[in-house]
Protein chains: 2
Amino acid sequence: MEKKPYLTPKQEKVLNFIRERIGERLPPTIREIGKELGFKSTGTVRDYLKALIQKGLVRRMNNKSRAIELTERASFKIPIIGTIMAGKPNLAYEEIQGYVSADDLFLGRLGFDDVFALRVKGDSMIDAGILDGDVAIIKKRPDANNNDIVAALLENNEVTLKRLRSKSGKFHLEAANVNYPPIFEEFKVIGRLITVIRKY
Amino acid sequence: MEKKPYLTPKQEKVLNFIRERIGERLPPTIREIGKELGFKSTGTVRDYLKALIQKGLVRRMNNKSRAIELTERASFKIPIIGTIMAGKPNLAYEEIQGYVSADDLFLGRLGFDDVFALRVKGDSMIDAGILDGDVAIIKKRPDANNNDIVAALLENNEVTLKRLRSKSGKFHLEAANVNYPPIFEEFKVIGRLITVIRKY
DNA sequence: ATATATACCACACAAATGTGTGGTATGTCA
DNA sequence: TGACATACCACACATTTGTGTGGTATATAT
């Protein structure tokens with residue numbers, strides 16, 4: 001993971017403004033940057049952009065309005081400060097190990113087309129760490145394998161989240177909670193669980 | 001939740017192209033839309049934009065290049081197809097209850113500045129559904145209360161994820177696993193757990 | 001002393017982009 | 001028939017936007 005190169009305070013401000021505007025869905029024009037930062041000349045802004053490009057933080061397309069992009073290097077990342085050893089803590093605070101982008105954490109580079117969400121209700125998957133109220137992100141039409149957690153359509157036309165198991169060539173569904181018996185009826189796998197999100 | 005109004009096939013195509021380009025971080029110009037869709041006149045594209053604006057799917061700013069926005073109504077959402085009753089399934093498939101935007105699910109409208117991530121290692125929080133390998137999103141400098149799960153800095157300068165408990169006016173930390181004893185030593189709350197994300 | 005980087009401005013010009021007006025053709029509804 | 005909506009095109013024009021050239025001034029490094 002490359003570190004961010006040194007930026008002068010003003011360069012930092014320009015970069016932050018660009019980041020902000022991109023976050024608001026419309027990258028700024030050169031003149032908009034100048035107006036925000038108090039520069040009276042477009043040339044000044046171009047000098048800053050040139051510096052940011054040279055430092056590898058910004059990319060541009062020629063002759064296209066607002067065509068300013070942030071590179072990987074400059075795009076916002078959430079720092080992973082350490083691995084929490086939930087059992088025995090063993091990592092010092094402030095030791096930044098790397099970065100994850102919010103996108104990567106969330107859905108990665110999946111297309112959205114074949115993804116949907118289900119809110120989990122009940123405790124039948126509690127031993128797999130899936131709790132009542134969690135949001136389950138499901139990828140449709142997957143190649144679901146033995147032991148994958150899947151969303152399955154049951155005979156009564158209802159959906160459930162269970163672990164897919166095969167036993168002597170036949171698939172069935174298992175809860176992750178001893179209080180729930182396995183399901184041997186007919187079912188159709190709708191999708192595979194790819195992500196669980198829980199908000200507190 | 002409003003439903004999407006009826007769109008002609010071409011209007012749908014225009015909308016999709018705009019959505020696509022916004023996804024790639026740069027909304028299109030009128031001429032870019034025309035070129036993509038095969039319209040030879042800017043007027044044609046303007047007619048389509050007018051229709052989409054009238055149907056409440058698009059917003060624009062005057063005299064600003066690329067200033068095309070999708071409204072809430074048109075912006076992409078992950079459908080919540082139902083609440084999974086992980087215990088007893090009780091909801092029909094395809095009954096779309098509403099939508100969540102990816103942003104909402106993930107971090108919501110939090111600023112990123114005071115948020116960081118920790119990867120959980122170990123099983124001390126397993127009874128709270130937090131597993132080895134999960135990513136814990138932590139908000140710094142929070143008002144952490146009794147029973148919140150917090151990231152805490154211990155005396156040996158290490159970080160741990162535990163539940164904050166108060167007993168007769170004094171705070172201590174508790175694991176969510178009977179095999180781990182409570183921690184009564186001095187500690188400092190770094191932040192409060194706001195989100196857990198698990199990828200399969 | 002010279003080079004190099006930062007930190008700006010002015011201004012002309014070209015290209016991209018949005019706006020406005022006015023067309024044609026086709027079909028539907030009353 | 002007339003009114004209206006959809007579905008386009010042509011083209012002039014204004015504005016925005018990017019580009020290019022050429023400045024000034026200050027500080028630091030070699």
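Below, chain A is the first sequence line, B the second, and so on; all start at residue 1.
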Selection from D:dA7, D:dT17, C:dT6 that lies nearest to any side-chain heavy atom of A:Lys55: C:dT6

Separation of C:dC9 C1' from A:Ile33 CD1 (nearest whole Å): 17 Å

Proximal nucleotide (of C:dC8, C:dT6, D:dT17) relative to the A:Thr29 side chain: D:dT17

A:Arg46 CZ - D:dT21 C1' separation (whole Å): 10 Å

Separation of C:dT19 P from B:Arg66 CZ (nearest whole Å): 14 Å

Nearest-neighbour nucleotide for the A:Ser65 side chain, D:dT17, D:dA7, C:dT19 considered: D:dT17

Side chain to side chain, B:Leu173 and B:Leu154, heavy atoms closer than 4.5 Å: yes

Side chain of B:Lys40 (C-beta onward), nearest among D:dC8, C:dT6, D:dA10: D:dA10

Side-chain N or O of B:Thr42 closer than 4.0 Å to phosphate OP1/OP2 of D:dC11: no

Between A:Tyr200 and A:Arg198, a side-chain donor and acceptor under 3.5 Å: yes

Distance in angstrom units between A:Leu49 CG and C:dA7 P, rounded: 14 Å

From D:dT19, D:dT17, C:dT6, nucleotide with atom closest to A:Arg60 side chain: D:dT19

Phosphate OP1/OP2 of C:dA16: any B:Arg31 side-chain N/O under 4.0 Å: no

Candidate nucleotides C:dG18, C:dC8, D:dC9, ranked by approach to the side chain of B:Thr44 - the nearest: D:dC9

Close aromatic pair by centroid cut-off 6.0 Å: A:Phe171 and A:Phe187: no

Residues, nucleotides or ligands: over 12 heavy atoms within 6.0 Å of A:Glu185 CD: yes

Between C:dT26 (P) and B:Lys10 (NZ): distance, integer Å: 16 Å

Of B:Pro9 and A:Ala67, the one whose closest DNA chain D nucleotide lies more 5': B:Pro9

Gap between atoms CD and P, on B:Gln11 and D:dC8 respectively (whole Å): 10 Å

Polar contact flag, side-chain donor to acceptor under 3.5 angstrom, B:Lys162-B:Thr160: yes

Rounded interatomic separation in angstrom, taking CG from A:Asn63 and C1' from D:dG20: 12 Å

Of the listed nucleotides C:dA10, C:dT17, D:dC8, the one nearest the side chain of A:Ser41: C:dA10

Residue-phosphate contact under 4.0 Å: B:Tyr48 side-chain N/O, D:dC8 OP1/OP2: yes

Which residue lies more 5' along DNA chain C, comparing A:Gly43 with A:Gln54 via nearest heavy atoms: A:Gln54

Protein-nucleotide distance (B:Lys50, atom NZ; C:dT21, atom C1'), rounded to Å: 11 Å

Phosphate contact (D:dT17 OP1 or OP2) by B:Lys64 side-chain N/O below 4.0 Å: yes

A:Gln54 CD: over 12 foreign heavy atoms closer than 6.0 Å: no

Out of C:dT6, C:dG18, D:dT17, whichever nucleotide has its closest atom nearest the side chain of B:Ile30: C:dG18

Short side-chain N/O contact from A:Asn62 to OP1 or OP2 of D:dT19, under 4.0 Å: yes

